[in-house]
2 protein chains.
Amino acid sequence: MSNRFPTERRATIRDVAAKAGVSIATVSKYFNKGDYYIADATKQRIAEAILQLDYEPSATARGLVSRRSRAIGVVIASFDNPFYAQLIAGVDDVIGATDFTMVVASTADDPKAQAEVVQSMRQRQVEGMLLASLTSESPEVAKALRSGIDVVLASRVSADLNVDAFVGDNVGGAMEVVRHLAGHGHRRIAHVAGPQNVTSFSMRAEGFRRGCDEAGLDATTATISLVSEASVDAGEAAAGALLDSAEPPTAIFAANDRVALGVLRAAERRGLGVPGDLAVVGFDNIWVADMPGVHLSSVDADTRDTGRQAARRLLERIERRWADGGADVLEAEQHTLPARFIARHTCGC
Amino acid sequence: MSNRFPTERRATIRDVAAKAGVSIATVSKYFNKGDYYIADATKQRIAEAILQLDYEPSATARGLVSRRSRAIGVVIASFDNPFYAQLIAGVDDVIGATDFTMVVASTADDPKAQAEVVQSMRQRQVEGMLLASLTSESPEVAKALRSGIDVVLASRVSADLNVDAFVGDNVGGAMEVVRHLAGHGHRRIAHVAGPQNVTSFSMRAEGFRRGCDEAGLDATTATISLVSEASVDAGEAAAGALLDSAEPPTAIFAANDRVALGVLRAAERRGLGVPGDLAVVGFDNIWVADMPGVHLSSVDADTRDTGRQAARRLLERIERRWADGGADVLEAEQHTLPARFIARHTCGC
DNA sequence: ATGAAAGCGCTAACAA
DNA sequence: TTGTTAGCGCTTTCAT
């Protein structure tokens, strides 16, 4: 047996009005409580009718007249990446407590996909967008901005978009890592860097360089190995090449924890002890880093909180826009969130 | 400097029509290509106008008249749980390839939150809902069903809702685990079971019992320890109690991988060797299970594919409904996806 | 090949 | 306190 209901037409405000014996305006007022006076007896009858008809007001119709969708769009690179999962969890923490809904889409860092997604969100009239996946800025984003959609960046910065951005202290965190590793006596340190068109990764690479300078290491010992995708497999491959070279590093700083996990696997496959033969440090401090058997040293920039802050800011912008009649009065700010080095087992602590 | 654009009113179909010197009906036809003939010259002018005005049709207005939102709702328990992340990734695989959008919300398995979320989605006129977090079925879901919203369950079954469900072979998978563990010679096997109001967990517990029967183990050696929340910490606590008891188990089968990770941590904290002193098996085969240093044996029911299949089915239902003029002709089916035991290090293989 | 007009379900003046 | 009415931006007959 299937759900065989004749599926009678959804009840509308008209049906409610008819059944309650009032005008649709009164029913509308009933829902937009607070601003109107309406007799208790009438209220009763309306409530009754709503219940009986199982009426639910159409957000679509409401949105059309009020010109507000009460929806925000969230764009990430992928769902099965704990970093984005954490970020969205943070966004959800704040959005879930409001009457806004989230429409979410992933773009796999594909500019074309991003353009499509942004366009689709514009059509859906989202009031704001939270972009966490933004490598090359597509013109679609600028258009969205121009059409009155607020935009906030998370874990990304943009040179030509004048919008708020919330991003961890990648440079500082990376420098801290090198400092720490150097403190353990390492001289041959390698950095497995992620795609440099992703700002977080390029900033980490920059921090690595600065850290090496600071520690007096030069390019003969401090090397950077680029990886085209920040994945476990790519990390394993890159680390493998490094480890199999003539003068392998004694410590590897990975672009992020997933890459670090790949490095760990490469070491394990070669029977190398960690941190004895090789020290490893990641970035992002995803929950896995703290798991038994892993104990990966990492840098924590509180991803979930990044999501929360970015979401709050977006909401703030949206509210302000309505309060100020469409104007965009807030200055765009770049917020750098503090990064903390988390020493666990793999760095040699 | 902020994004200071006077934020002129979004262009509407009217503006386009005016600028192109045609009627709005023609512009509308331009977008609903295929069904109408429209002169090439006119097409040109419209395209031009659209470009200049940076016009994007309003999905809201469209939805109001067409009565279709081209949106589906996805309800999960939480984002920062790799299981749901995988599931959503699967859903995204198929939805992302269509012109539907996903509105997502989490409920933390709170019935009240679930009711709110479902209600909100109903207001937003989603055409279908994918429920992956459904412990106690709230009446809201039945209402949604009645109002013509298609519903598909993922990784959950429901006794009183007559809807499609896609769920892994929890019973069979669990039996397989016990069989395997018994094959390794274990007699004292414990199951750290998750909240029993979650069908996946109750089914796994059931499979555990059946497996013990099959292996000739009885309640004196095969024990079940209930945990109120399927988390790492809860798993650690439960395993700790088990391990510190007079006659500790030699093998623990955890409700899922997160709980298993907790078990692993409990063992590690006590200096117990795995699998030497304690064999451990999880469930779900989240990606972490395969990481270096972890090597957790688990049961794989292809979560991502579950998401894909469920999403496909939902889309199928939606299309059918429109093809058949609102009727709901598909029989509700319960799909059991095969579960495969994945032997890694922690089970003793 | 194109346009006029009637709504889709709702909100928000303005009247009564 | 309640009702009338004019749209919100679009699709869709039905004319032309």
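Every chain is numbered from 1 and lettered A, B, ... according to where its sequence line falls, protein lines coming before strand lines.
- The residue Val27(A) sits apart from the nucleic acid: no heavy atom pair falls under 4.0 Å.
- For Ala25(A), taking side-chain heavy atoms from C-beta onward, the closest of the listed nucleotides dA4(C), dT11(D), dT4(D) is dT4(D).
- A distance of 8.0 Å separates CZ of Arg304(A) from CG of Asp92(A), quoted to the nearest 0.5 Å.
- Between Thr60(B) and dG9(D) there is no side-chain N or O to OP1 or OP2 distance below 4.0 Å.
- Comparing Tyr37(B) and Ser66(B) by the nucleotide of DNA chain C that holds the closest heavy atom to each, the one mapping nearer the 5' end is Tyr37(B).
- With rounding to whole Å, Arg62(A) atom CZ is found 22 Å from dG7(D) atom P.
- With dT13(D), dT11(C), dT2(D) as the choices, the nucleotide that has an atom nearest any side-chain atom of Thr26(A) turns out to be dT2(D).
- Residue Asp40(A) contributes atom CG, which lies 12 Å from atom C1' of dT1(D) at whole-angstrom precision.
- Separating the NZ atom of Lys43(B) from the P atom of dA1(C) is a distance of 9 Å, rounded to the nearest angstrom.
- Going from atom CZ of Phe31(B) over to atom C1' of dT12(D) covers 17 Å, rounded to whole Å.
- An OP1 or OP2 oxygen of dG3(D) is reached within less than 4.0 angstrom by no side-chain nitrogen or oxygen of Tyr30(A).
- Ring centroids of Tyr36(B) and Phe31(B) are separated by 6.0 Å or more, keeping the two rings apart.
- Side chain of Arg308(A) to main chain of Leu87(A): no donor-acceptor pair is present (N/O by atom type, distance under 3.5 Å, no hydrogens or angles).
- Between dT11(D), dC10(D), dT11(C), one nucleotide has an atom nearer to the side chain of Thr12(B) than all others, and that is dC10(D).
- You'll find that the side chain of Ala61(A) is closest to dC10(C), out of dT11(C), dT2(C), dC10(C).
- Counting to the nearest Å, the C1' atom of dG3(D) and the CD1 atom of Ile46(A) are 12 Å from each other.
- Per the geometry, CZ belonging to Arg68(A) stands 19 Å off P belonging to dC8(D), to the nearest Å.
- Asp54(B) and Arg122(A) are joined by a salt bridge, as a carboxylate oxygen and a charged side-chain nitrogen come within less than 4.0 angstrom of each other.
- Here the side chain of Arg67(A) is nearest to one of dC8(D), dT2(D), dC10(D), namely dC8(D).
- Candidate nucleotides dA4(C), dC10(C), dG7(C) were compared by shortest atom distance to the side chain of Val65(B), and dG7(C) ranks first.
- Ile50(B) has its CD1 atom 11 Å from the P atom of dC10(D), to the nearest Å.
- Panel note: side chain Gln114(A), backbone Ser133(A); a donor-acceptor pair is recorded below 3.5 Å.
- Ranking dT4(D), dT12(D), dG9(C) by closeness to the Leu64(A) side chain, first place goes to dG9(C).
- Counting to the nearest Å, the C1' atom of dT13(D) and the CG atom of Asn32(B) are 14 Å from each other.
- The side chain of Ile13(A) lies closest to dC10(C), out of dT2(C), dC10(D), dC10(C).
- Taking only side-chain atoms of Thr42(A), from C-beta outward, the nucleotide of dG3(C), dC10(C), dT1(D) with the closest atom is dT1(D).
- With rounding to the nearest 0.5 Å, the separation of CD1 in Ile95(B) from OG in Ser106(A) is 11.5 Å.
- Out of dA13(C), dC10(D), dC10(C), the shortest distance to the side chain of Lys29(A) is found at dA13(C).
- Residue Ala39(A) is the one, among Ile24(B) and Ala39(A), whose nearest nucleotide of DNA chain D lies closer to the 5' end (criterion: closest heavy atom).
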